[in-house]
Amino acid sequence: MDGLSRYAGVIPEFDRFVEAIYRPLPTTARINGLKTGRDRLLTRLRGAQVPCSPFPWYPWGIRMGTDKPGNLLENLMGHIHIQEEISMVSAVVLDPRPGERVLDLCAAPGSKTTQIAMMMENRGLLVANDPANGRVASLRSNCERAGAINVAVTRYDGRRFPAQKFDRVLVDGPCTGQGMARKDPAVLGRWSLKRSLGLQRLQVALLKRGVEVAKPGGTVVYSTCTFAPEENEAVVSRVMERTSGVSLQEVAVPDLESSPGLAEWGGSSFGDEMKRCARYYPHQNDTGGFFVAKLVKE
Amino acid sequence: MERAEVAEMMGSRFGIPPEAFEAVSFFLRGRNVWAFSLPEVPDLDYEAVGLRFISLRGRVPKPSTYALQLFGRFATKNVVDLSSDQARKFIAGERQSMEADLEDGYVVVAHQGDVLGCGLYSRGELISQLPKERRIGEGGIENLLEGGGR
């Protein structure tokens, strides 16, 4: 319960939330449309006696009845990418189109990068940035396996990404990862308010830079896998205060249950417009936890 | 690197039609051909751009596993579709004897019509060219057998 009891007043059906957070995650993957067709892949898996069913909210996501999806032949061929269900929502909200210029500012290990490349049908430009040396290796490896040819990998400090103009920017920032507790319960023990506040400074700087490098009319999506409002609404609110000409759009994904962002927390008021953000809790869709905000630049 | 040159390499060896590469640009870096979605990249300091496509290190051009996984489905010659037992050996990185209608050299290796990667066919033997970090040893693959998981 470390670090979770503080949310008892804001998370709906808190008992169900607590119960869900200690259950292991279902095994999920994303079908890679760059290399195979959806029906072809499903037929292949079923023929090999691997139970699988598509998500109700996203046709490219599947739940699988296997413990070791990494050993599947379909994974080796890059026809599937092992990815947690709720993390697929960032790219869906970003909604990149073929031929656009897109930036994934905190890209490693590349689950969302390869999803964006697929949505762009391998066309246009996708810059996948991550400063960490070790993490860039996994990013490159995942892009290779996915067959992404529209990805250029850079290693800038995201806070100082060079002046460029992008149609869409994803800022999937580093966070305390409380929403990953079902995968790794140790994240709960590592949480502290101090860590959240320390990351907040970095998150604000990353999102601010993300907004700056978006074209007029461009879309910026901010996402984290933590519940802490200090790293979510507080970050979005701070960046919007400091940047003119940015508005929040409603995040609503059909058939995926969510709760609105928080208008206030711990004595701070973020304003009612923050309710346009989406919070995803483990008991709502049997997934990890997640936060998504969609900003549009004038 | 002209697209036509790459299309010619992939066409003469595998019968892949040049239209398959219409939306792709190619550039030479060291002794590798890389594939990218755009003819030019914006002015940034890059770690990598696009997908490693063909190695020109050897006597003949060698397509990368990833190039064949993406474009091998359009191949009309020098393609071999393996049985599940043969595929298991291939992904373990092994060599195996095989009577097949293949010219000596690099071939597209598939299983149930889906491309696994690149093999080298020489004197009746198929030698897996799968990168070491992608190989999965015997018993690692769960779902190779048609109609039966392992």
Side-chain angles (χ1 to χ4, degrees), chain A residues 32 34-36 40-41 43-51 65-79 98-99 101 117 120-130 133 136-137 139-141 143-156 161-162 164-166, chain B residues 21-26 34-38 40-53 64-73 82 84 87-88 90-92 109-117 130-131 133-137 139-150:
Chain A
N32 179 15
L34 295 177
K35 283 192 163 177
T36 188
R40 184 180 180 96
L41 187 276
T43 303
R44 217 190 134 97
L45 282 180
R46 285 171 184 151
Q49 312 282 308
V50 178
T66 173
D67 295 338
K68 290 184 181 165
N71 275 353
L72 292 175
L73 197 55
E74 290 69 24
N75 185 54
L76 176 139
M77 293 191 289
H79 291 191
R101 288 168 60 98
M120 295 172 75
E121 297 172 11
N122 248 345
R123 289 188 272 162
L125 171 68
L126 172 54
V127 176
N129 181 72
D130 205 286
N133 209 354
V136 162
L139 170 63
R140 289 185 61 177
S141 170
C143 287
E144 278 185 327
R145 187 177 47 201
I149 61 172
N150 63 344
V151 174
V153 177
T154 60
R155 277 188 49 205
Y156 292 100
F161 192 88
Q164 292 273 333
K165 287 296 168 203
F166 292 95
Chain B
F21 307 106
E22 237 160 36
V24 188
S25 295
F26 296 94
W34 291 68
F36 190 54
S37 49
L38 300 172
E40 280 174 46
V41 290
D43 186 23
L44 287 167
D45 194 5
Y46 293 104
E47 183 84 5
V49 175
L51 195 72
R52 198 162 51 77
F53 211 73
S64 73
T65 293
Y66 315 108
L68 292 188
Q69 286 183 349
L70 212 50
F71 290 94
R73 67 182 118 157
L82 303 184
S84 294
R88 198 175 297 122
F90 178 82
I91 59 172
V109 178
H111 174 252
Q112 294 176 357
D114 287 315
V115 178
L116 295 170
L130 214 57
E133 67 273 16
R134 300 287 182 203
R135 294 177 188 174
I136 304 175
I141 287 290
E142 294 180 348
N143 67 328
L144 259 181
L145 288 173
E146 298 92 336
R150 302 179 87 211

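Please read these numbers as outputs of a predicted model, since none were measured by experiment. Order of the sequence lines sets the chain letters (A, B, ...), proteins ahead of strands, with each chain counted from 1.
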Does any part of the side chain of R101(A), heavy atoms only, come nearer than 4.5 Å to the side chain of P42(B), both counted from C-beta? yes

Looking at chain B, which one of R123(A), M120(A), R40(A) has the largest number of heavy-atom pairs inside 4.5 Å, strictly under? R40(A)

With rounding to the nearest 0.5 Å, note down the distance linking CZ in R52(B) to CD in E144(A). 6.0 Å

Please classify the contact between R145(A) and chain B as side chain, backbone, both or neither, with a heavy-atom cut-off of under 4.5 Å. both

Yes or no on side-chain contact (heavy atoms from CB on, under 4.5 Å) for R44(A) and H111(B), after CA distance, side-chain angles and deciding distance? CA-CA 11 Å; R44(A) 217 190 134 97; H111(B) 174 252; 2.9 Å; yes

Check whether any side-chain heavy atom of L139(A) lies under 4.5 Å from a side-chain heavy atom of E47(B), and answer yes or no. no

Report the distance from atom NZ of K35(A) to atom CZ of R73(B), rounding to the nearest 0.5 Å. 9.5 Å

Heavy atoms, side chains only, cut-off 4.5 Å: are L73(A) and L116(B) in contact? yes

Less than 4.5 Å apart, any side-chain heavy atom of L44(B) and any of F161(A)? yes

Answer key: most heavy-atom pairs under 4.5 Å with chain A among D114(B), L51(B), V49(B) is D114(B)

Less than 4.5 Å apart, side chain to side chain, heavy atoms only: is that true for S37(B) and E121(A)? no

Counting C-beta onward and ignoring hydrogens, is there a side-chain heavy-atom pair between F36(B) and L125(A) closer than 4.5 Å? yes

In terms of heavy-atom pairs under 4.5 Å, which option from S141(A), G70(A), A146(A) contacts chain B the most? S141(A)

Is V115(B) close to M77(A) at the side-chain level, that is, under 4.5 Å between some pair of heavy atoms? no

Answer key: most heavy-atom pairs under 4.5 Å with chain A among D45(B), V41(B), T65(B) is D45(B)

Which pair of non-hydrogen atoms, one from L34(A) and one from L70(B), has the smallest distance, and what is that distance? O-CD1, 3.6 Å

Please report the shortest heavy-atom distance between I136(B) and N71(A), naming the atom on each side. CD1-O, 4.0 Å

Report the distance from atom CD1 of I149(A) to atom OH of Y66(B), rounding to the nearest 0.5 Å. 15.5 Å

